[in-house]
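Presented below is the structure to which this report refers.
Sequence positions, counted from 1, serve as the residue numbers for this chain.
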Amino acid sequence: MFTAKDDAMTATEDRLLVVVAHPDDETFGCGSLLIHAAEAGVSTTVACATRGEAGSPTPGRGLDDADMAIVREAELREAAALMGVGRVELFDWIDSEMDGTPAPGTLVDAPIEEVTARVASLIDDVQPTVVVTLDASDGHRDHAHIRDATLAATTSSQWQPDRVYLHCLPQQLMRKWVEALIEQHPESEHLGLGELGTREDQITTVIDSSQHLALREQAIALHRSQTSPYEVMPAELRLEFLTAERLQRVRPEWSGGPIETEFFADVVVKEPLA
């Protein structure tokens, strides 16, 4: 197995920090990007704000009475290791759930300044050249809170990353997903969240990740306590989601022109992770 640690021949100084809200966000959201980075010899760190305590276990998997915080942290660490992530950092906020009054100690209850300071401290420690967080266009308030804190932290930290991105859910694909939900899961809470996804004209970067599909699927399966959003998708739509990584570059600010199709420069890739 090839990892960034194993090969001094990779010619990159990039270090990637991915900041998310819950275990499985790193895989369901940014999985192929993390695999792409590791195979390019890039040092990768995943920071997760909560342990996903509010996630309901998928029926039939023997986890009805399990402690979700323990189960989901273990799933996060196992999936991250499979994807070549070198470091996992867990913050200690509690999953805020989708709605309702946030309980004390939850991520959304935490002042944005507090969350920003925690992320900024990690940025100073990791010294990433590239920072990625979710665009929160799925409507989850935890995703929005950690997104806002991460973007603020990239400007308030002493270490300044070269590039900052939002990992995007494309609006046109999210519309197709909603259609699938209406047909298969009409009770889904996502159906009441309004228009989902990031508009195509806001996506600045598209990375072909089709070569990472098999490993990404393995990592998704490791989050067995949760039902992945891809499970309710038609096969063709699932492939559309999982064979390209779409991002919006926040820094340096996008000035137009052709979209980016490369994420890490000056890299020699030796062999895939699996």
- Message: So does Asp142 get a backbone contact from the side chain of Arg147, meaning a donor-acceptor N/O pair under 3.5 Å?
- Response: no

- For His145, the ring-ring contact (aromatic ring centres under 6.0 Å, His included) test, sequence neighbours excluded, returns none

- Hits for side chain to side chain contact (heavy atoms under 4.5 Å, CB included) against Leu173, two or more places apart or cross-chain, chain-then-number order -> Pro170, Lys176, Leu237, Glu240, Phe241, Arg246

- Proximity of Phe28 and His223 rings by center, below 6.0 Å: yes

- Query: Will you find, in the side chains of Gln248 and Thr198, an N or O donor that is under 3.5 Å from an N or O acceptor?
  - Reply: no

- Can you check whether Thr133's main-chain N or O pairs, donor with acceptor, with Thr150's side chain at less than 3.5 Å? no

- Task: Could you tell me which residues satisfy side-chain hydrogen bond (donor to acceptor under 3.5 Å, both in side chains) with Ser121, sequence neighbours excluded, listed by chain and number?
- Result: none

- Query: Do NZ/NE/NH1/NH2 and the carboxylate oxygens of Glu195 and Arg175 come within less than 4.0 Å?
  - Reply: yes

- So, are Arg118 and Glu114 salt-bridged, with charged N and O less than 4.0 Å apart? no

- Partners passing side-chain hydrogen bond (donor to acceptor under 3.5 Å, both in side chains) against Asp124 (at least two apart in sequence or in another chain): none

- Message: For residues 37-63, which residue pairs pass the ring-ring contact (aromatic ring centres under 6.0 Å, His included) check, not counting sequence neighbours?
- Response: none

- Using the ring-ring contact (aromatic ring centres under 6.0 Å, His included) rule, collect all pairs that involve residues 115-135, keeping only residues at least two apart or in two chains. none

- Item | Residues in side-chain hydrogen bond (donor to acceptor under 3.5 Å, both in side chains) contact with Glu89, at least two apart in sequence or another chain | Arg87

- Query: Short question: side chain of Asp208, backbone of Ser210 - any donor-acceptor pair under 3.5 Å?
  - Reply: yes

- Item | Set of side chain to side chain contact (heavy atoms under 4.5 Å, CB included) partners for Thr58, sequence neighbours left out | Arg61, Thr227

- Mind jotting down which residue pairs meet the salt bridge (Lys or Arg N to Asp or Glu O under 4.0 Å) criterion with at least one end in residues 21-34? Sequence neighbours excluded, please. Asp24-Arg72

- Which pairs count as salt bridge (Lys or Arg N to Asp or Glu O under 4.0 Å) when at least one residue sits in residues 252-262, sequence neighbours excluded? Arg249-Glu260

- Query: With Asp201, which residues qualify under side-chain hydrogen bond (donor to acceptor under 3.5 Å, both in side chains), at least two apart?
  - Reply: Arg199

- Applying side chain to side chain contact (heavy atoms under 4.5 Å, CB included), name anything that partners Asp148, two or more places apart in sequence or on another chain. Ile112

